[in-house]
Engineer: 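Quick one: the structure is below, questions incoming.
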Protein chains: 2
Amino acid sequence: MENNELPADVALMWRLRETPRRGPKPSLTLDDIVASAIAIADAEGLAAVSMARVAERLGNSTMALYRHVKSKDDLLVIMSDAAIERPEPMPEGVDWRTGLTFWADGVLTAIRRHPWYAKVPISGPPAGPNNLAWFDSALGVLADTGLPEEAKVGVVMGLITYVQGQIRMAFDLAAGYADNPDAFRRFGATLRKVADPRVYPAVVRTVEAGVFDEVGSFEEDNEADFDFGLQLYLDGVAAFIDRVG
Amino acid sequence: MENNELPADVALMWRLRETPRRGPKPSLTLDDIVASAIAIADAEGLAAVSMARVAERLGNSTMALYRHVKSKDDLLVIMSDAAIERPEPMPEGVDWRTGLTFWADGVLTAIRRHPWYAKVPISGPPAGPNNLAWFDSALGVLADTGLPEEAKVGVVMGLITYVQGQIRMAFDLAAGYADNPDAFRRFGATLRKVADPRVYPAVVRTVEAGVFDEVGSFEEDNEADFDFGLQLYLDGVAAFIDRVG
DNA sequence: CCTTACTGCGTACCTGCTACGCTATTTAGC
DNA sequence: GCTAAATAGCGTAGCAGGTACGCAGTAAGG
């Protein structure tokens, strides 16, 4: 009990546990469980992850898992930290803007490998080792900007929010698109039919301009949108650094 | 069947339905169901909304709901559109920056009344009348900027992403804080104990600077963070308008 | 008046989380 | 060694939640 003050799940993620145990050797390790859960989520989505499925895949019974994990929510937190891995080391000597763009692209790439990551409900600050490494990487890029520490945290939190929000929305939309491509292709048509120009003047103007007519290439659109919004945000950061840094 | 091409839930939200019916008078209306579901979500959160609870609150049986709604997911989409109401009319003659700030504050206020709104999974573009009204309001503010329609959509989508992401994160954190205030208060202490300065140099530097030491006033912190990130994004929009508009 | 469409709802099934307690196993201490 | 304590696996069972199905009763159309 030397890790007295830490919440149980945090202690688990950092692998802090008294090693000398008395009972029988565990036939199951936390790593096995997490790997199994991640494999299922990768293949069939987060909704397919049930305690029964995870255990079955390991040839164990459902309840055996509860010797290693407090609850399913616990498992979700731990597996999301494991799935995000570590960021690539930041190239030496990059300016902050290049660095944050590199960082954001890295997040996008990492989450692409585990799309369900963006769906895990967040219940606190990033307490796992991998999430913390990402946080550290972004903070480090801002080291030479002269911003006060608190402002750096604000900038990075805003960036995380934007990036995760964008990714979540993109994947939700992609899922909806896969479920029902027609509904999307007819979004413009639907608006034309249903949107009164007196109530929705700006939307109708946009529809008339044909913006929603070609929703064809979904992947590239999202990539472009992602970068577009990111650069807007970074422009804002630049202005902020000029003002304060 | 004059609304031939529309998905069922969209038709429901816009209240397009053939009026002449043959069977017995419905003792239940969609509005009742939605209002009941919203009341439960407001009082006890989205997780407390079950078909059984919604029906019980109306003095009906669970299965009666399925005559009005295709599935629970259907109900969630419809109730989220109903909950967001309409934006306040934009003051006349405001510049775009004031307008978008006003808009974002409006979103924040509206979602504060129904915090669960940010948790409803998004499965498509904003197809309901109220969500579309918000979309229209933000687009309208950009009317005089000279941006091409497509760019306006990009700016507004980015803004929505940021605002919703920020709100979702804030509420998730607030919920985690309510569940376990100690874990939060000790976040800085936890990092000190667990974070190796060689692995997490930037985080440790921030911790040493005392940024995480006073997490006291949660509400105001979030308000400030929200505005901070928003202004960064709007700075970016300003730069974009200078460049392109 | 009979047919038809439609509403409410009871029943039942399935999936999923997890509390509890039993049994077997390993190690610590004597 | 031997006993007691601690611990792993797991079977059972309870509970909650979504929803398919089919029956019964009701109101409008012909």
Side-chain angles (χ1 to χ4, degrees), chain A residues 1-2 8-9 11-12 17-34 36-37 40-41 44-79 116 119-121 123 179, chain B residues 1-2 8-9 11-12 17-34 36-37 40-41 44-79 116 119-121 123 179:
Chain A
M1 294 277 166
E2 64 272 31
D9 54 337
L12 280 179
R17 259 185 110 181
E18 337 69 85
T19 23
R21 321 290 219 58
R22 197 174 282 197
K25 292 271 187 302
S27 72
L28 213 54
T29 68
L30 180 59
D31 289 316
D32 292 336
I33 296 174
V34 170
S36 170
I40 294 172
E44 301 172 50
L46 198 59
V49 176
S50 71
M51 299 305 267
R53 279 291 305 278
V54 172
E56 184 194 30
R57 211 173 157 287
L58 294 167
N60 280 68
S61 84
T62 307
M63 294 312 292
L65 305 185
Y66 284 89
R67 292 282 174 203
H68 301 263
V69 153
K70 197 164 58 40
S71 68
K72 187 185 179 180
D73 288 337
D74 223 81
L75 175 58
L76 290 181
V77 172
I78 298 173
M79 70 187 271
W116 47 268
K119 295 210 153 183
V120 176
S123 56
D179 282 358
Chain B
M1 295 276 167
E2 66 272 31
D9 55 337
L12 278 180
R17 257 184 115 182
E18 336 71 84
T19 22
R21 321 289 217 58
R22 196 173 283 198
K25 292 274 188 298
S27 72
L28 214 54
T29 67
L30 180 59
D31 288 317
D32 293 335
I33 295 174
V34 170
S36 171
I40 293 172
E44 301 172 51
L46 198 60
V49 176
S50 71
M51 299 304 265
R53 280 291 305 277
V54 172
E56 184 194 29
R57 212 174 156 285
L58 294 167
N60 280 69
S61 84
T62 306
M63 294 311 292
L65 304 185
Y66 285 89
R67 292 285 174 202
H68 302 264
V69 152
K70 197 164 60 38
S71 68
K72 187 185 180 181
D73 288 337
D74 224 79
L75 175 58
L76 289 181
V77 171
I78 297 173
M79 71 187 269
W116 48 267
K119 295 211 153 181
V120 176
S123 56
D179 282 359

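Naming: A, B, ... by sequence-line order, numbering from 1 per chain.
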Engineer: What is the distance from CG of B/L30 to P of C/dT7, rounded to the nearest Å?
Structural biologist: 12 Å
Engineer: Could you state the atom-to-atom distance from CD1 of A/I33 to C1' of D/dA8 in whole Å?
Structural biologist: 12 Å
Engineer: Please name all residues satisfying salt bridge (Lys or Arg N to Asp or Glu O under 4.0 Å) with A/D74, sequence neighbours left out, ordered by chain then number.
Structural biologist: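 A/D74 satisfies salt bridge (Lys or Arg N to Asp or Glu O under 4.0 Å) with A/K70 only.
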Engineer: Residues in side-chain contact (heavy atoms from CB on, under 4.5 Å) with A/S50, at least two apart?
Structural biologist: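 For A/S50, the residues satisfying side-chain contact (heavy atoms from CB on, under 4.5 Å) (neighbours in sequence not counted) are A/A52, A/R53.
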Engineer: Who pairs with B/S71 by side-chain hydrogen bond (donor to acceptor under 3.5 Å, both in side chains), at least two apart in sequence or on another chain?
Structural biologist: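 For B/S71, no residue satisfies side-chain hydrogen bond (donor to acceptor under 3.5 Å, both in side chains) once neighbours in sequence are set aside.
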Engineer: Distances under 3.5 Å between protein N/O atoms and the N/O atoms of nucleotides 21-26 of chain C, please, pair by pair.
Structural biologist:
from: C/dT26; atom 1: O2; to: A/R22; atom 2: O; distance (Å): 2.7

Engineer: Looking at B/S27, I'd like to know whether one of its side-chain N or O atoms comes within less than 4.0 Å of OP1 or OP2 on C/dG8.
Structural biologist: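 Yes, B/S27 has a side-chain N/O under 4.0 Å of OP1/OP2 on C/dG8.
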Engineer: Starting from C1' on D/dG9, measure out to CD on A/E56 and report it in whole angstrom.
Structural biologist: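 After rounding, the gap between these two atoms is 17 Å.
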Engineer: Can you pull every protein N or O that's under 3.5 Å from an N or O on nucleotides 14-18 of chain C?
Structural biologist:
from: C/dC17; atom 1: OP1; to: A/K72; atom 2: NZ; distance (Å): 2.5
from: C/dC17; atom 1: OP2; to: A/M51; atom 2: N; distance (Å): 2.9
from: C/dT18; atom 1: OP2; to: A/Y66; atom 2: OH; distance (Å): 2.7
from: C/dT18; atom 1: OP2; to: A/K72; atom 2: N; distance (Å): 3.1

Engineer: Please enumerate all residues that pass side-chain contact (heavy atoms from CB on, under 4.5 Å) together with B/S27, with sequence neighbours excluded.
Structural biologist: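 Here the qualifying residues are B/N60.
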Engineer: Measure CG/B/L65 against P/C/dT7 and give the value in whole Å, please.
Structural biologist: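 That distance rounds to 13 Å.
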Engineer: For D/dG9, does OP1 or OP2 lie under 4.0 Å from any side-chain N or O of A/H68?
Structural biologist: yes
Engineer: Measuring from atom CG of B/L12 to atom CD1 of B/I78, what distance do you get when rounded to the nearest 0.5 angstrom?
Structural biologist: 4.5 Å
Engineer: List in chain and number order the residues that pass side-chain contact (heavy atoms from CB on, under 4.5 Å) with A/R57, two or more places apart in sequence or in another chain; answer none if no residue qualifies.
Structural biologist: A/S36, A/A39, A/I40
Engineer: Could you work out, with salt bridge (Lys or Arg N to Asp or Glu O under 4.0 Å) as the rule, every residue matching B/D73, not counting sequence neighbours?
Structural biologist: none
Engineer: Could you tell me the separation between the CG atom of B/L75 and the P atom of D/dT19, rounded to a whole number of Å?
Structural biologist: 10 Å
Engineer: Name all residues meeting the side-chain contact (heavy atoms from CB on, under 4.5 Å) criterion together with B/K72; count only those two or more places apart in sequence or in a different chain, and write none if there are none.
Structural biologist: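 With neighbours one apart ignored, the set is B/M51.
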